[in-house]
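Index from 1, following the sequence. Quantities reported herein were computed from a predicted structural model and do not represent experimental measurements.
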Amino acid sequence: MDKPEQKKYILIELLNIVHLAFIFSPIFIFFIPSSYMKPIIKWFLLIAILTPLHWKFFNNRCISTVIAMKFGYYSDSETDSEFSENNLKWLYHPIMKLIGWKWNDEGLDKMVYLHWIINIILIWIYTFYYVY
């Protein structure tokens, strides 16, 4: 791998790490004292609510997934949920199997939205029962 390719790879991996951290941050905020979160929690909640709404403008994809795809990532994906298919299968597939959803575009869409419903509820609980 030459230098430009290596830099591109590192950049996309960092983007994926930030993406994953954002997806799982509603769990981690419960470990942060509410006094630290109080000034920013309203913005955190707003961003979490708006996140799934922007996907419609990018063909059912997150902006960070679109950026990664521009760099050639996820070209071997079989669904239109490239990030989830490649980075969250370890979590999503067992849950989908339990619920009875198929590993396809429709099943992954349902799983991704279920995950965001849970995330928004967790942030809401944290905001209104821990912070305020």
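Seen from the ring of Trp103, Lys89 counts as a face-on cation partner, given the 6.0 Å and 45° thresholds.
Shown here for Met96 and Leu108, the closest heavy-atom pair between the two residues is CE-N, 3.6 Å. When all heavy atoms of Ile23 and Asn119 are compared, the closest pair comes out as O-ND2, 2.9 Å. Closest of all the heavy-atom pairs between Leu15 and Ala68 is CD2-N, 4.4 Å. The nearest pair of heavy atoms linking Phe71 to Leu11 is CZ-CD2, 4.1 Å.
Side-chain rings of Phe24 and His115 approach one another, their centers coming within less than 6.0 Å. In this structure, Trp101 has its ring center no closer than 6.0 Å to that of Tyr92. The six-membered or imidazole ring of Phe22 lies near that of Trp116, with a centre-to-centre distance under 6.0 Å.
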Exercise. Quick one: do Tyr113 and Trp55 satisfy side chain to side chain contact (heavy atoms under 4.5 Å, CB included)? Show the steps, please.
Key: CA-CA 11 Å; Tyr113 278 98; Trp55 298 337; 3.6 Å; yes

Quiz prompt | side chain to side chain contact (heavy atoms under 4.5 Å, CB included) between Tyr73 and Thr65, worked out | solution = CA-CA 9 Å; Tyr73 279 71; Thr65 301; over 6 Å; no

Self-check item: Stepwise side chain to side chain contact (heavy atoms under 4.5 Å, CB included) check, Tyr74 with Asn87
Solution: CA-CA 10 Å; Tyr74 308 130; Asn87 297 293; 3.1 Å; yes

Exercise. Before giving the answer on side chain to side chain donor-acceptor pair (under 3.5 Å), spell out for Asp80 and Asn59 the whole-Å C-alpha distance, their side-chain angles and the decisive distance to 0.1 Å.
Key: CA-CA 8 Å; Asp80 66 359; Asn59 295 321; over 6 Å; no

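Every residue meeting the side-chain hydrogen bond (donor to acceptor under 3.5 Å, both in side chains) condition with Ser77, not counting sequence neighbours, appears here in chain and number order: Asn86. Listed by chain and residue number, Glu5 satisfy the side-chain hydrogen bond (donor to acceptor under 3.5 Å, both in side chains) test with Lys8 (two or more places apart in sequence, or in another chain). Partners of Asp105 under the side-chain hydrogen bond (donor to acceptor under 3.5 Å, both in side chains) rule, at least two apart in sequence or in another chain, do not exist in this structure. Partners of Glu82 by salt bridge (Lys or Arg N to Asp or Glu O under 4.0 Å), not counting sequence neighbours, listed by chain and number: Arg61.
The CD1 atom of Ile49 sits 11.5 Å away from the CZ atom of Phe44 when rounded to the nearest 0.5 Å. We find the CG-CD1 distance between Leu45 and Ile120 to be 7.5 Å, quoted to the nearest 0.5 Å. With rounding to the nearest 0.5 angstrom, the CE atom of Met111 is 6.0 Å from the CD1 atom of Ile99. From Phe30, atom CZ reaches atom CE of Met37 across 10.0 Å, with rounding to the nearest 0.5 Å.
Ile117 and Leu98 fall into different hydrophobic clusters, where Ile, Leu, Val, Met, Phe, Trp and Tyr are joined by side-chain heavy atoms under 4.5 Å apart, directly or via other members. Hydrophobic clustering (side-chain heavy atoms under 4.5 Å, transitive across Ile, Leu, Val, Met, Phe, Trp, Tyr) groups Ile41 together with Ile121. There is no path of hydrophobic side-chain contacts, each under 4.5 Å, that joins Val18 to Ile40. A continuous path of hydrophobic side-chain contacts links Leu20 to Ile63 [ILVMFWY only; heavy atoms under 4.5 Å].
No donor-acceptor distance shorter than 3.5 angstrom exists from the side chain of His93 to the backbone of Trp90, with no hydrogens or angles considered. The backbone N or O of Asn104 lies less than 3.5 Å from no partner atom in the side chain of Glu78, so there is not a single donor-acceptor pair. A distance-only check finds no donor-acceptor pair linking the side chain of His19 to the backbone of Ser64 [under 3.5 Å].
Checked for salt-bridge contact, Lys110 and Glu106 meet the test: a charged N lies under 4.0 Å from a carboxylate O.
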Do any side-chain atoms of residues 124-132 form donor-acceptor pairs under 3.5 angstrom with protein atoms, and if so which ones, sequence neighbours left out?
from: Tyr126; atom 1: OH; to: Ile29; atom 2: O; distance (Å): 3.4
from: Tyr126; atom 1: OH; to: Ile32; atom 2: O; distance (Å): 2.8
from: Thr127; atom 1: OG1; to: Ile123; atom 2: O; distance (Å): 2.7

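Other members of the hydrophobic cluster containing Leu53, listed by chain and number, are Trp43, Leu46, Leu50; membership follows side-chain contacts under 4.5 Å among ILVMFWY residues, whether direct or relayed.
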